[in-house]
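This report concerns only the one structure given below.
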Amino acid sequence: MKMKIVDENETRLNKKKYKYKLIYYVIGYVISLCVSGVPSLIYLMPIKVDVLVIGAIIGTLWNIHHYSITGNDARSYALLPAVILIIFIAITASISTVLFNCGIITNHDPFAGMFETLSQTNGK
């Protein structure tokens, strides 16, 4: 039975990579609250689609730039957050639809965040 020995520097590097995504998650949350406002307390929910998209995309791009990841490594590094975002958007849409149909929520805006707010202002 072979055990994989993990390099301590690699473990520290992986922990640092998540730091950027968390920073951009907080920045995205503040931007989302500024754009959509807080008409009710449900808008303060911590998990929004737009915030996760901003945090994951900008955090991943910053990691690729900061750690000089190039070529196929950069594409494969960006693939996992993209797949996770697609799955999360599908789960959030399903949960939002179920909650709306059960009458627990009255609109889908809090889940979409600023994306829903911006699409409403462009449609008027």
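Note that the coordinates shown come from a computational prediction; the quantities given were computed from them, not determined experimentally.
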Between side-chain atoms of residues 79-92 and protein atoms elsewhere (two or more places apart, or another chain), which donor-acceptor pairs fall under 3.5 Å?
from: T92; atom 1: OG1; to: F88; atom 2: O; distance (Å): 2.8

* Honestly curious: do V30 and L52 fall in one hydrophobic cluster under the side-chain, below-4.5 Å linking rule? -> no
* **4.5 Å side-chain heavy-atom contact, Y29 and I47** => no
* To do: Working to the nearest 0.5 Å, report the span between CG of N63 and OH of Y24.
  => 9.5 Å
* CG-OH distance between L61 and Y77, expressed to the nearest 0.5 angstrom -> 10.0 Å
* Quick one: are V38 and L44 in side-chain contact, heavy atoms under 4.5 Å? -> yes
* **Residue pair V51 / S32: nearest heavy atoms and the distance that separates them** => CG2-CB, 3.9 Å
* Do L33 and K48 have side-chain heavy atoms sitting under 4.5 Å apart? -> yes
* Side-chain touch V98/I104, heavy atoms, less than 4.5 angstrom -> no
* Structure fact -> Here the gap from I64 atom CD1 to R75 atom CZ, rounded to the nearest 0.5 Å, amounts to 10.0 Å
* To do: For the residue pair H65 and W62, categorise the inter-ring angle as parallel (less than 30°), tilted (30 to 60°) or perpendicular (more than 60°).
  => tilted
* So, the side chain of S76 versus the backbone of D73: is there a donor-acceptor pair under 3.5 Å, distance only? -> yes
* Is it possible for you to say whether L22 and I58 belong to one hydrophobic cluster, with membership spreading through side-chain heavy-atom contacts below 4.5 Å? => no
* With F100, which residues qualify under ring-ring contact (aromatic ring centres under 6.0 Å, His included), at least two apart? -> H108
